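Report on the following structure.
Remember, it's a predicted structure, so these values are computed and weren't measured experimentally. Residue numbers begin at 1 in each chain, while the letters A, B, ... track the order of the sequences. Side chains included, hydrogens not; waters and symmetry mates left out as well; all remaining heavy atoms used.
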Amino acid sequence: MTTSTSGELAKNYDPTTIEGPWYDRWYDNGYFTAKVEPGQKPFVVIMPPPNVTGELHMGHALFVAVEDILARWHRMHGTPTLWLPGADHAGIAGQWVVERELAKKGLTRQELGREAFLDNVWEWMDRYRKRILSQLRTLGASSDWSRFHFTMDPGPSRAVRTAFKRLYDKGLIYRGERLINWCPRCMTALSDLEVDHEEVVGSIWTLRYPITGSDEYIEVATTRPETMLGDSAVAVHPDDERYRHLVGRFATLPILGRQLPIVADDAVDPTFGTGAVKVTPAHDPNDFDIGQRHNLAAINVMNLDGTMNDAAGPFAGQTTQDARTNVVARLGEEGFLVEVKEHTHAVGRCQRCGTIVEPMISKQWFIEMQPLAEPAIEVAKDGTVRFVPERFKGTYLHWMENIHDWCISRQLWWGHRIPVWYCDCGEVVVTDEEKLERCPHCGGSNLTQDPDVLDTWFSSGLWTFSTLGWPDDTEDLHYFYPGSVMETGYDILFFWVARMIFFGIEFMGEAPFHTVYLHGTVRDELGQRMSKTKGNVIDPTVITQEFGSDALRFTLITAGAPGADMKLSEQRVESNRNFGTKIWNATRFVLRALDSGSIAQAEDGTPVAPDADAMTLSDLWILSKLERLTSDIEELFANYQLGEAGRRIYEFLWSEYCDWYIESTKVVLNGDDEAAKATTRQTLAYVLERSLRLLHPFMPFLTEELWQHMPHAGESIMIADWPVPDESRIDERAVAEYEFMIEAVRAVRNARAESGVEAGAWISAMVYPGSHAETFASLEPVFSFLARVGKGRFEYREAQLEAPQAVVTLVIDDAIIYLPLAGMVDIDAERERLTKEIEQVEEEIARTGQLLSNENFTNRAPADVVNRQRERLSSAQERLALLQARLGELGA
RNA sequence: GGGCGAUUAGCUCAGUUGGUUAGAGCGCCACGUUGACAUCGUGGAGGUCACUAGUUCGAGUCUAGUAUCGCCCACCA
């Protein structure tokens, strides 16, 4: 029997004073560290590793809230729980922020050189990594810091090399000259996903190319005239009668005079434009394919920095923009320009820096996706991997089914170096070693490593097992793979989630998790994406300092539904802080009650529910509500309905426990029935202690602080048992009767307010209890207290009063409450009120009556639904009679 | 060009197997310092659940279409 309280509970709830200390104590006690417990299936969440490129933002706060709730919930169930944190080097994004910093000092990475630049990046990363990790802690993240990994650490780096080598050996990684997306600013290739498309209103130019050896022309259209310098053919559809005679002949490219074969290709849509297409294999993905089929030259006319190269002839050295203007002008002068029209089309921009991306031919490393995608499609289809919300399954499948090969090489310095070495002897060696000393072919040591690095998402894709020790067969890997839930933003479904799935299957033989939970984007009050440039960022740490991270977490969780974007407002966080205050004060009330007498505790110290025999209707009601809540929460959690679960607890604690139960105990606690007091104390403590445990995953700090002051079991609520629902304890009759009383109290309060009764004043009442005599008998003190009636004449009658002195008559179900408010309300007003109420009851009777006379309804609807209507009808009829009688008594 | 989502009170949003009186927070109005709580309490006002048609005994919830807004995907020059 232990009742441990750590000093007096402070009068006011101040999140800032309790949150930090509790986090430290949890950490020091090792609660976050996952233990391998053979035989027990663990719950595993791998945290989306934040980019160490800046500050913590609301997106981080949101995932911490969701994942921490899941982790704490499972931990309290006694499940070995691993929530593995990490940080990401953020490849191109990481390099970009550091380059931007350097630019402020007038430096470029080229000036610094690769090594010095990387030193700079590491410095930056170390600084921000510390910062962002401490920010995660302030949010209460119960993640296992002992297993923290950074993508660039030796372990994950070796995993990257190993994965690369295995895919290469299997023939799934290849190097080739392909058309890729090139960012002239970042000077690197990008994957399709890293290009954002933006609709712009531009122009479409129709050009005409002379047919060689005739005076005919063929008209072609383009949205990028400067690329005509790289044309190597003109294509038409094979069945197009208009051009059939030209196939096999040549056109002359204006300005440059190059001879362009006219080829027939199915890819050409004869109904679009002129039905003839200029083919520029080096600068258009579609044309690249045509070029492949017809063996056309791919003439690259651009330099890597986006200017025109020597192949552009007279335009060499100009920017693409200038070249465009000049080419069009020249074509016009020479009579090759037919027309210019307005045209909307999509331009690709570098996701990172916004520069317009140029499609270019380049030698890059690729992963062949088809073989990897197939099993990844399968696991989604057969339900091995489940999506929450489900609609994202379709999005995922669509992408996976239309996947293109993945360009994984980047011409950057910051990232995992491609583990490929070139020997002077011509040998190309792929290795999982960090450094290759000797060429396995010639034994020579004149080796050069490929200068490129890998797409940052390559290492991210391995994250679910590289963090557990792979490629080594470690205990962690064995025990914690596959994980359970992948929780992240829907915006990186393809970037990350999809890649984890196919890499997981490829390297580990099974999908890395069974559930993908996707959250939405946190937006500002106007619904805009938060961004530094817009200046509308709500900083989580600022909010936390003002209202506490419990309030912020609770807000983020309850503000919306899974997968939906949400608008965050500070006001809402404030309201939830007030919820914290409410519980704080409720606990103070309970603790004071407990001061006046001991309560029964289980052997471990947990408060137990009072004996059923001793319970009043109030006790039975709140206990029933608690059981209902506990069981509902269980189901909501199982379906990842965390927001709804949070809202339910909120409502229970505030609207039921505080507003009604606690209020109703005051009359008992102020009385002199010691036995009743003891039962009340018992219920107060039992319900609060259990509720705190239910609330703990949502508001970990507040609940810990309060729980410590309550009679409890164990050293922390974090490792306390999760309440087990027991629906057999729900007493439906007690619930119905107590709620009848609530309705009665509300009716009286309403009447008092409308009659202008002074707030504190007690008024007389006479009650005809109808079928609720028992309820009135047992709840009379509570009823009187809450409604402030009964001081005068609170009496029971066998029947309705015949000549009531009352002015106001309240009919609740078949009970009547007479309030002799003579002098406070006039007869006319009362008559009007009654008439209005009668109308409402009549409507109800009409509605239910009609429903019940419908045989289709009575035959087909479930019995309980029909019964409910019957009861409703008969009670409405009784009420109608009572109301009419009363109206009659008032006279005309 | 495809696909998806949203549309519920003045504002921000809940409402997962269709059940007949649609909820919360904030805001608004009135009253209130009763020993947990003014970061609060009590009472109240406020909604044809975007629109149309349909399925059904019954639709905020299911189906089809329309409108507005938003997002994702896409090699029509």
Kindly indicate whether the side chain of [X] and the base of [N] share any N or O donor-acceptor pair separated by less than 3.5 Å?
X	N	value
A:Arg572	B:rU12	yes
A:Arg577	B:rU39	yes
A:Glu219	B:rA77	no
A:Lys11	B:rA36	no

With a 4.0 Å limit, can you tell me whether [X] has a side-chain N or O closer than that to the phosphate oxygens OP1/OP2 of [N]?
X	N	value
A:Arg391	B:rG5	no
A:Arg872	B:rU21	yes
A:Arg868	B:rU20	yes
A:His343	B:rA77	yes
A:Trp399	B:rG2	no
A:Lys567	B:rC13	yes
A:Arg746	B:rG43	yes
A:Asn750	B:rU42	no
A:Asn12	B:rU39	no

Exercise for the section: Assign A:Pro862 to base, sugar-phosphate, or nothing according to its heavy-atom contacts below 4.0 angstrom with the strands shown. Expected result: base
Practice task
Under 4.0 Å between any heavy atoms, over every strand shown, what does A:Tyr650 touch: base, sugar-phosphate, or nothing? Just pick one.
Solution key: sugar-phosphate
Inter-nucleotide [atom1] distance ([N], [M]), Å rounded:
N	M	atom1	result
B:rG65	B:rG2	P	13 Å
B:rU21	B:rA74	P	49 Å
B:rC69	B:rC76	C1'	28 Å

Exercise for the section: Classify the ring geometry between A:Phe579 and A:Phe554 as parallel (under 30°), tilted (30 to 60°) or perpendicular (over 60°). Expected result: tilted
Counting side-chain heavy atoms from C-beta on, which of [options] comes nearest to [X]?
X	options	value
A:Gln869	B:rG32, B:rA77, B:rU20	B:rU20
A:Phe494	B:rC31, B:rU39, B:rC72	B:rC72
A:Ala759	B:rA77, B:rA36, B:rC31	B:rC31
A:Arg592	B:rC75, B:rG19, B:rG35	B:rG35
A:Lys666	B:rC37, B:rC26, B:rC76	B:rC37
A:Arg647	B:rC37, B:rU20, B:rA14	B:rA14
A:Arg788	B:rG27, B:rU34, B:rA77	B:rU34

Problem - Dot-bracket notation for RNA chain B, counting Watson-Crick and G-U pairs under 3.5 Å, with | for partners on another strand - result: (((((((..((((.....[...)))).(((((.......))))).....(((((..]....))))))))))))....
Problem - Charged tip of A:Arg208 within 45° of A:Phe336 ring normal and under 6.0 Å - result: no
Practice task
Find which nucleotide of RNA chain B each of A:Gly643 and A:Lys278 is nearest to by heavy atoms, and output the residue with the more 5' nucleotide.
Solution key: A:Gly643
Completion exercise
Between A:Lys582 and A:Thr223, whichever has its closest RNA chain B nucleotide further toward 5' is A:Lys582
Handout entry: Donor-acceptor pair between A:Tyr13 and A:Asn578 side chains, under 3.5 angstrom
Key = no
Completion exercise
So SG of A:Cys658 and CD1 of A:Ile583: to nearest 0.5 Å the spacing works out to 7.5 Å
Practice task
Please round to the nearest 0.5 Å and tell me the distance separating atom CG of A:Leu653 and atom CG of A:Leu688.
Solution key: 7.5 Å
Problem - Positive for side-chain hydrogen bond (donor to acceptor under 3.5 Å, both in side chains) with A:Thr227, one of A:Arg324, A:Glu358, A:Lys278 - result: A:Lys278
